[in-house]
Structures are given as C-alpha cells and as structure tokens.
Amino acid sequence: MEGGNGSEVEREEEDSVSDILQDRFRLSAISIAENEAKKNGVEISEPITSCIADLALNYTEQLAKELEAFAQHAGRKSVNMEDVILSAHRNEHLTALLRSFCNDLKEKEPQSERKRRKTSKKEDKATTSAVNIPDI
C-alpha cells in the first residue's frame with residue numbers, strides 16, 4: 001500500500017471502531033434506562049430511551065474533551081483523578097462523592113505502589129489513577 005492509502009484505511013478502521021463503540025454505548029444506555037424504568041414501575045417509550053442514549057453519549061463526548069483539555073493545560077498527556085474531580089466542579093455533591101471515591105482508592109492501594117516512584121508536589125496532589133490520551 002502507498003503511504004496515503006494506508007493512512008486512509010487506518011482512518012476508516014478507526015471510524016468503524018468508533019461507530020461500534022458508540023452503538024454499544026447507546027445500547028447500554030437504553031438498557032439502563034429501560035431497567036431503571038421497570039424497577040420503578042414506569043413505562044418509557046422508545047423515542048425517549050433513544051433520546052436518553054443520545055444525551056448520554058453527547059455528555060460523555062463533551063466530558064472526554066474537557067478532561068483532555070484539563071490534562072493538556074497541566075502539561076500532561078494522561079488524565080488523572082483530579083481532572084475528573086475538577087470536571088464536576090459545578091456539582092458540589094458529585095465532587096464530594098468523587099473525592100470520597102478517590103480517597104477510598106488511595107486507601108486500598110498497596111503501600112509499595114504509593115512509594116514506587118518519586119513525584120513532584122503537583123503530582124502528589126493528584127492521584128496515581130490515570131488514563132492515557134493518545135496524540136492526535
């Protein structure tokens with residue numbers, strides 16, 4: 001394959017994988033909405049479940065962009081727990097839940113993992129949980 005065609009094929013494969021993941025996400029959101037409705041004794045129409053799935057997908061895509069921006073602003077290529085907590089700054093209750101969850105994770109982390117590498121003061125404030133952001 002020539003250089004240009006290889007890149008085009010890779011992009012088509014990435015788009016295909018992205019479409020599959022989006023479809024799976026939507027199906028999961030629909031399933032969750034239907035199960036919650038059933039659990040609460042409520043009927044929910046198909047257009048409403050589709051709308052909920054689309055809203056959930058759009059929210060998740062926006063959240064991913066925000067998290068990437070926070071990490072890049074901090075000069076990192078990885079998203080960490082502090083970025084996730086920062087993204088919830090408009091919702092005090094959610095922020096408190098995320099901080100509690102983060103603290104629980106830190107407590108469960110083996111002591112040897114915490115001492116494995118030296119970190120800067122900036123990194124000490126953030127947890128070691130991270131998600132890699134690929135270069136675009």
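All values below come from the heavy atoms of this structure, side chains included, with hydrogens, waters and symmetry mates left out. Index from 1, following the sequence. In this text the structure is predicted, and so the values were computed from the model without any measurement.
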Linked, directly or transitively: [X] and [Y] (ILVMFWY side chains, under 4.5 Å):
| X | Y | result |
| --- | --- | --- |
| Val9 | Ile20 | no |
| Leu94 | Leu63 | yes |
| Leu27 | Ile48 | no |
| Leu97 | Ile85 | no |
| Ile32 | Phe25 | no |

Do [X] and [Y] come within less than 4.5 Å of each other through their side chains, counting heavy atoms only?
| X | Y | answer |
| --- | --- | --- |
| Ser100 | Asp104 | yes |
| Arg99 | Thr95 | yes |
| Asp15 | Glu12 | no |
| Met81 | Leu105 | yes |

- Glu36: partners by side chain to side chain donor-acceptor pair (under 3.5 Å), with sequence neighbours left out: Lys39
- What are the two closest non-hydrogen atoms of Ile30 and Thr49, and how far apart are they? CG1-O, 3.7 Å
- Message: For Ala56 versus Ala29, what's the shortest heavy-atom pair and its separation?
- Response: CB-CB, 4.4 Å
[atom1]-[atom2] distance between [X] and [Y], expressed to the nearest 0.5 angstrom:
| X | Y | atom1 | atom2 | answer |
| --- | --- | --- | --- | --- |
| Asp23 | Ser28 | CG | OG | 10.5 Å |
| Arg26 | Ile52 | CZ | CD1 | 14.0 Å |
| His89 | Leu98 | NE2 | CG | 13.0 Å |
| Gln62 | Ser87 | CD | OG | 11.0 Å |

- Task: Could you check Lys77, Lys65, Arg76 and say which one makes a salt bridge (charged side-chain N to carboxylate O under 4.0 Å, His left out) with Asp83?
- Result: Arg76
- Item | Donor-acceptor pair, side chain of Asn40 and main chain of Val42, under 3.5 angstrom | no
- Query: With a cutoff of under 4.5 Å between side-chain heavy atoms, which Ile, Leu, Val, Met, Phe, Trp and Tyr residues group with Val17?
  - Reply: Leu21
